[in-house]
Number of protein chains: 2
Amino acid sequence: MNGEGLRDRKKRQTRAALSRAALTLAAERGLDHVTVEDISTAAGVSPRTFFNYFAGKEEAVAGPDPEVGPRVGRRVVEQPVGSTAVDAVKAALLAEVAEVPTDERDLWLLRMRVVQQHPVLLARLFAGGEEAERHLVAGIAERVGLDATDLYPMLLAAAAGAACRVAFTRWFDPDDPRPLATLLADALDLLSAGLANPPNT
Amino acid sequence: MNGEGLRDRKKRQTRAALSRAALTLAAERGLDHVTVEDISTAAGVSPRTFFNYFAGKEEAVAGPDPEVGPRVGRRVVEQPVGSTAVDAVKAALLAEVAEVPTDERDLWLLRMRVVQQHPVLLARLFAGGEEAERHLVAGIAERVGLDATDLYPMLLAAAAGAACRVAFTRWFDPDDPRPLATLLADALDLLSAGLANPPNT
DNA sequence: TGCAAACTTGCAGTGCGTGCACTTTTATTC
DNA sequence: GAATAAAAGTGCACGCACTGCAAGTTTGCA
């Protein structure tokens, strides 16, 4: 009847509660000192239910948002036809980071703390999340009219993911106050310049 | 007395035996259907000893060779002063892949099979292995006279790692018979060209 | 030969992750 | 609104990963 249904809304809530609980606890004690039981208790569900939503603690903390992959891929395709593939990726990623909702900002702050202690998770956030990268590869491939197994789409997507990872790393650095969009733009510009010369920064 | 000592040689042998056993079994049944007990039994040691060498199964099959990181970093620094940082990284990586000993080729073939089923491990092989990437960042930073926390060294190292990952992926593709060195060179060239235009390949 | 350091091993314990059967909640149909 | 189906939550049991700890065993050196 209604647009979404009570069931789907509850699922979303449970997932969000688990993810938020995992992030809060991990930011406090470190991920290794948080058990699945702790997380599910804090979220008000049984430990067994936790595994119905996430494959493990890592995924609850740094699990890729299943929506961002398709969205980025779509955005790459939808960029104006005049721009190159690199510019299309650049625009798509910058649009993505510009769109972080206000009610998720506190979650990102928690994520920053957790990821700082666990660099392995950084790769899963965007690039290493093969899921998202696959969508990006597909978008690029469609845009340039190549197969998704060709070198160019794979390399462009991987390099863009690497740029994201570096931008995130620097964003987490408390000594660098620049916003994420600026850092990401710098990284992508440097990339599309062929990493020619080290900037004076 | 002698150059290395019996103890060190035995440690090397045990480590190699464990790694080889893990790779062989994982290539046969898939990594998920191999227990640590299987691996250590095949290697002739106790399960407890396995954990004295590796933190887990993943590290045994895709664990980064602890020597490659420092070696690549050193090579980057040792390139002729005339060449740019990008060219230095390019040369260092190509020298690295060209130097794979013959007696390790069969291990790489096994690794190919295992990694094909577990894309997550691909990142650990070179790029994701933060260990190796840190050395690469340090080498680049020293070469260009920047700090290891600056954008340029981090991004160049990350992008080079991404190129390695893509080259490996394509190398694992049975439809592409080109050698690893060629694939890697293509990827790095495309990268240093700013990913400007999709090649006709 | 004897001592000290390093490597190996067994044991016990905690926690992860999964399959299965069962209960509870939500959606649909008559 | 009651019956039925579908989906989510839960408890239980099991195998395995991984970690200290306290032995035993091997190696290096005097």
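Here is how names work: the chains are called A, B, and so on, in the same order as the sequence lines, proteins then strands, and each is numbered from 1.
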**Q** Show me the side-chain donor-acceptor pairs of residues 51-59 of chain A shorter than 3.5 Å, one per line, residues at least two apart or across chains.
**A**
residue	atom	partner	partner atom	Å
A:Asn52	OD1	A:Arg48	NH1	3.4
A:Lys57	NZ	A:Leu31	O	3.4
A:Lys57	NZ	A:Val34	O	3.1
A:Glu58	OE1	A:Arg124	NH1	2.5

**Q** Would one find a side-chain N or O of A:Thr49 under 4.0 angstrom from OP1 or OP2 of D:dG9?
**A**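 No, outside the criterion.
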**Q** With a 3.5 Å cut-off and no angle check, do the side chains of B:Arg29 and B:Thr24 form a donor-acceptor pair?
**A**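 Their side chains do not contain a donor-acceptor pair, so the 3.5 Å distance test is not met.
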**Q** What one-letter contact string describes nucleotides 11-20 of chain C from 5' to 3', where B marks a base within less than 4.0 Å of any protein heavy atom, S marks contact via sugar-phosphate atoms alone, and - marks no contact?
**A** B----SBBBB
**Q** In whole Å, I'd like the distance from the CZ atom of B:Arg9 to the P atom of D:dT26.
**A**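 That distance rounds to 17 Å.
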**Q** Rounded to the nearest Å, what distance is computed from the CG atom of residue B:Leu18 to the P atom of nucleotide D:dC18?
**A**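 After rounding, the reported distance stands at 14 Å.
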**Q** Step by step, would you call B:Trp108 with B:Phe172 a ring-ring contact (aromatic ring centres under 6.0 Å, His included)?
**A** CA-CA 10 Å; B:Trp108 277 103; B:Phe172 293 164; 7.8 Å; no
**Q** A:Lys10 side chain N/O closer than 4.0 Å to the phosphate oxygens (OP1, OP2) of C:dT25?
**A**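 For C:dT25, neither OP1 nor OP2 has a side-chain N or O of A:Lys10 closer than 4.0 Å.
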**Q** Output yes when a side-chain donor or acceptor of B:Asp150 lies under 3.5 Å from a complementary backbone atom of B:Asp147, and no otherwise.
**A**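 Looks like yes, one N/O pair under 3.5 Å.
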**Q** Within a reach of under 6.0 Å around CD of A:Glu37, are more than 12 heavy atoms found that belong to other residues, nucleotides or ligands?
**A**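 No, not enclosed.
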**Q** Specify the separation, in whole Å, of atom CG of A:Asp8 and atom C1' of D:dA7.
**A**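 In whole Å, D:dA7 C1' and A:Asp8 CG are 10 Å from each other.
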**Q** Run the numbers on A:Glu99 and A:Arg75 for salt bridge (charged side-chain N to carboxylate O under 4.0 Å, His left out), then give the verdict.
**A** CA-CA 13 Å; A:Glu99 200 199 42; A:Arg75 276 196 168 119; 3.3 Å; yes
**Q** Measure from CD on B:Gln13 to P on C:dC7 and round the result to the nearest Å.
**A**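 Distance check: B:Gln13 CD to C:dC7 P gives 14 Å.
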**Q** If you compare every side-chain N and O of A:Thr14 against the phosphate oxygens of D:dA8 (OP1, OP2), does one of them come in below 4.0 Å?
**A**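 The answer is no; no side-chain N or O of A:Thr14 sits under 4.0 Å from OP1 or OP2.
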**Q** Write down the distance between CG (A:Asp32) and P (D:dT19), rounded to a whole number of angstrom.
**A**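 Atom CG in A:Asp32 sits about 10 Å away from atom P in D:dT19.
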**Q** Measure the distance from OH on A:Tyr53 to C1' on D:dG9 and round it to the nearest whole Å.
**A**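 Result: 8 Å.
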**Q** Rounded to whole Å, how long is the line connecting atom CG of B:Asn52 with atom P of D:dC21?
**A**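 Distance check: B:Asn52 CG to D:dC21 P gives 14 Å.
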